[in-house]
S.K.: 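Quick one: structure below, then a few questions.
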Amino acid sequence: MRRWKLRRLKEDGRDPYHEVRYDRTHTIAEVLKDFDGLLGKQVRVAGRVMARREHGKACFLDLADQDGRVQVYANVDTLGEEQFKHLKSADLGDILGVEGEVFRTRTGQESVKASACTLLTKSLEPLPEKWHGLSDIELRYRRRYLDLIVRPEVRERFKLRSEIVSQMRRFLEDERGFTEFETPVLEPVCGGATAEPFITRWEALDDDFYLRIAIELRLKRLIVGGYEKVYEIGRIFRNEGVDTQHNPEFTMLELYWAYVDYSDIMQLTEDLIVHICDSCMGTREIEAGDRRLSFEPPFSRVQFEDLMREHAGVSVQDLPDRKSAAAHAKKLDVDFKKDASYEKIIDRIWTAKVEPHLTQPTFVLDYPVAVSPLAKRIPDRPHLAYRFELFANSVELANAFSELNDPLEQRARMEEQIARATEGYRELDEDFLRALEYGMPPTGGLGVGIERLLMALLGEPSIREVMLFPQLRKQ
RNA sequence: GGGCCAGUAGCUCAAUUGGCAGAGCGUUUGACUCUUAAUCAAAAUGUUGGGGGUUCGAUUCCUCCCUGGCCCA
């Protein structure tokens with residue numbers, strides 16, 4: 001039907017896809033904001049037709065643009081027979097330019113009385129139901145554009161995401177003097193985290209490459225190269241399943257700061273998050289489901305070991321190998337995969353027993369060296385490393401170390417990791433080790449999962465609600 | 001990978017024990033010059049996610065598969 005209308009329009013020489021511009025005098029939000037000042041004045045606005053109420057020789061339309069929605073009133077007298085007929089044949093979803101006088105209806109509704117209208121784009125597909133909207137979750141993700149058309153709050157949420165990321169950059173660059181660098185996504189060796197990589201073929205070289213699983217080892221090379229405050233907000237790929245917490249591609253902030261330790265990084269992390277709360281959220285108190293998170297500094301600081309002892313009844317020092325870790329996990333009734341590595345089992349115990357208690361923003365300090373292959377050892381507690389993670393809403397938001405810069409120890413730790421590895425394509429990144437051999441100054445580093453942070457700040461329980469186009473199977 | 005749940009018109013949802021597949025929105029036609037989930041009258045709309053099976057008869061029962069959600073690994 002709509003295609004038939006389109007054909008008629010084209011035959012009439014009014015092809016809606018020929019329009020190349022429409023000069024608006026105001027956005028709809030601007031009209032509404034200064035409504036009284038504009039009363040009686042002529043404006044030109046444009047947007048999508050979201051509703052229509054016909055009354056014979058008069059007609060009401062709701063017109064929506066990016067930030068606002070306004071009622072358009074039209075009748076034969078002011079619009080003329082011909083144009084009125086065109087306006088009435090507009091479908092929901094069509095994009096219209098309207099010129100007219102700003103006025104209030106008898107019921108006081110802010111409106112624009114159309115004196116001219118132009119069909120700027122024809123919509124060939126019907127919009128979702130006007131009252132219930134689009135509730136099929138799969139459709140919302142597969143056709144996010146529809147979700148955005150129909151639900152202004154979703155549009156708001158993703159705009160807020162962009163603002164938060166933008167404020168991160170502003171804070172790091174303008175207030176703290178960091179510089180963003182871009183490093184390769186396509187890597188010959190993958191490292192910097194424990195995860196299954198995506199493998200891709202570089203035809204010209206007839207060789208396999210990896211999509212990066214972390215940015216760490218590249219940015220540290222920049223510290224070796226002499227930069228002192230570097231960061232990158234970039235896409236990471238991990239070849240794993242999809243659930244409410246995971247998407248195979250996601251965004252990470254990583255930063256490295258020379259000549260400081262992890263306590264400076266902790267302060268920076270706290271400042272960064274408070275800055276985001278103040279600049280984007282307008283509050284430091286966040287509603288997340290039925291929980292209330294307070295990002296009022298200082299966030300509490302707790303020893304990893306104390307939490308493990310308190311909630312899992314064990315010190316990692318007493319679990320020196322895979323066998324003892326597995327035995328303790330079984331005792332606690334914590335499940336793990338048969339082939340799980342030592343680190344994975346410790347992580348499982350932590351996730352199951354400790355994480356649920358970490359609701360309010362909490363820095364967890366001093367992790368076992370055994371699960372922190374890139375962090376510097378604490379000399380007087382040699383089984384622990386200078387590492388912290390930030391938790392909130394029972395989710396890990398950030399991970400940071402005083403970076404290991406001893407090339408010999410780094411090599412030994414990486415070799416140990418590979419020996420214990422049960423997953424991932426891990427091989428030594430010889431060039432990274434060589435870089436350390438040239439000498440990396442004492443450095444503090446930080447990684448923040450952007451989606452995790454957004455979930456906590458926006459109170460969204462699913463990662464898919466903070467990603468515009470979450471991965472789904474091909475159709 | 002395992003468990004549970006869901007898939008019916010473009011969208012949101014019904015359909016008694018297994019007995020003619022329906023409503024609202026949207027669409028089309030007509031009426032209506034201040035409505036706002038406009039109203040009134042009429043009409044069109046389906047491979048009930050897909051394949052197989054049981055049955056006189058399947059949206060409904062069985063089975064396999066596909067897609068998605070939630071929980072667990």
S.K.: Hydrogens and angles aside, do A/Asp366 and A/Gln303 bring a side-chain donor and acceptor to less than 3.5 Å of each other?
M.R.: yes
S.K.: Sticking with atom C1', work out how far B/rU63 lies from B/rU54, rounded to a whole angstrom.
M.R.: 11 Å
S.K.: What distance, rounded to whole Å, do you find between the two P atoms, one in B/rU59 and one in B/rA21?
M.R.: 8 Å
S.K.: Taking B/rG26 as the reference, what is the distance to B/rG10 when you measure between their C1' atoms (whole Å, please)?
M.R.: 8 Å
S.K.: Starting at atom CG of A/Asp136, determine the distance to atom P of B/rA9, rounded to an integer number of angstrom.
M.R.: 11 Å
S.K.: Would you give a per-nucleotide map of nucleotides 23-33 of chain B, 5' to 3', where B means the base has a protein non-hydrogen atom under 4.0 Å away, S means only the sugar-phosphate does, and - means neither?
M.R.: -BBSSS---BB
S.K.: Which nucleotide sits closest to the side chain of A/Thr105: B/rU36, B/rA73, B/rG68?
M.R.: B/rU36
S.K.: Compare side-chain N and O positions of A/Arg140 against OP1 and OP2 of B/rC11 and report whether any pair is under 4.0 Å apart.
M.R.: no
S.K.: If we take the P atom in both B/rG19 and B/rC61, what is their distance in whole Å?
M.R.: 11 Å
S.K.: Let me know the distance between CZ of A/Arg142 and C1' of B/rG49, rounded to the nearest Å.
M.R.: 12 Å
S.K.: Verify the contact: side-chain N or O of A/Arg69 to OP1 or OP2 of B/rU36, cut-off strictly under 4.0 Å; return yes or no.
M.R.: no
S.K.: Quick check: on RNA chain B, is the nucleotide nearest A/Thr244 upstream (toward 5') of the one nearest A/Phe60, or the reverse? Name the residue that is more 5'.
M.R.: A/Phe60
S.K.: Using a distance-only criterion (donor-acceptor N/O pair, under 3.5 Å, no hydrogens), is the base of B/rU35 paired with the side chain of A/Gln109?
M.R.: no
S.K.: Is the A/Phe299 to A/Phe363 ring centre distance short of 6.0 Å?
M.R.: yes
S.K.: When you measure from the side chain of A/Thr121 to the backbone N and O of A/Ile95, does any donor-acceptor pair fall under 3.5 Å?
M.R.: no
S.K.: Identify the nucleotide, in any strand shown, that forms a Watson-Crick or G-U wobble pair with B/rC40, with both distances under 3.5 Å; if there is none, say none.
M.R.: B/rG30
S.K.: With both distances under 3.5 angstrom, what nucleotide forms a Watson-Crick or G-U wobble pair with B/rC4?
M.R.: B/rG69
S.K.: Are A/Arg3 and A/Leu124 packed together at the side-chain level, in the sense that at least one heavy-atom pair is separated by less than 4.5 angstrom?
M.R.: yes
S.K.: Return the value, rounded to whole Å, for the distance between atom CZ of A/Arg3 and atom P of B/rG10.
M.R.: 14 Å
S.K.: Does some side-chain heavy atom of A/Glu451 sit less than 4.5 Å from a side-chain heavy atom of A/Asn247?
M.R.: no
S.K.: When rounded to the nearest Å, what value does the distance between C1' atoms of B/rU16 and B/rG22 take?
M.R.: 15 Å
S.K.: Could you tell me the Watson-Crick or G-U partner of B/rG22, where both distances fall under 3.5 Å? Say none if there is no partner.
M.R.: B/rC13
S.K.: Let me know which of A/Val70, A/Asp36, A/Leu38 forms a side chain to side chain contact (heavy atoms under 4.5 Å, CB included) with A/Val102.
M.R.: A/Leu38
S.K.: Map A/Phe336 and A/Phe103 onto RNA chain B by nearest heavy atom, then report which one ends up closer to the 5' terminus.
M.R.: A/Phe103
S.K.: When the C1' atoms of B/rU39 and B/rC34 are compared, how many Å lie between them, rounded to an integer?
M.R.: 13 Å
S.K.: At less than 3.5 Å, do the side-chain atoms of A/Ser135 and the base atoms of B/rU12 form a donor-acceptor pair?
M.R.: no
S.K.: From CZ of A/Arg143 over to P of B/rG68, roughly how many Å is that when rounded to an integer?
M.R.: 14 Å
S.K.: Nearest whole Å is fine: how far is B/rA37 C1' from A/Gln71 CD?
M.R.: 14 Å
S.K.: Taking the C1' atom in each of B/rA41 and B/rC4, what is the distance between them to the nearest angstrom?
M.R.: 48 Å
S.K.: In whole angstrom, what separates A/Asp243's CG from B/rC72's P?
M.R.: 10 Å
S.K.: What's the CG-P distance between A/Asp62 and B/rA38, to the nearest Å?
M.R.: 8 Å
S.K.: Given 3.5 Å as the limit, does a donor-acceptor pair link the side chain of A/Ser341 with the main chain of A/Lys344, or not?
M.R.: yes
S.K.: A/Arg53 side chain N/O closer than 4.0 Å to the phosphate oxygens (OP1, OP2) of B/rU39?
M.R.: no
S.K.: Donor-acceptor pair, A/Arg52 side chain versus A/Cys59 backbone, under 3.5 Å?
M.R.: no
S.K.: Between A/Tyr262 and A/Phe401, is the gap from one ring center to the other below 6.0 Å?
M.R.: no
S.K.: Classify A/Gly133 by what it touches in the nucleic acid, base, sugar-phosphate, or nothing, heavy-atom distance under 4.0 Å.
M.R.: sugar-phosphate
S.K.: Can you check the distance between B/rG49 and B/rA58, where both ends of the measurement are the P atom (answer in whole Å)?
M.R.: 15 Å
S.K.: From NE2 of A/His246 over to P of B/rG69, roughly how many Å is that when rounded to an integer?
M.R.: 15 Å
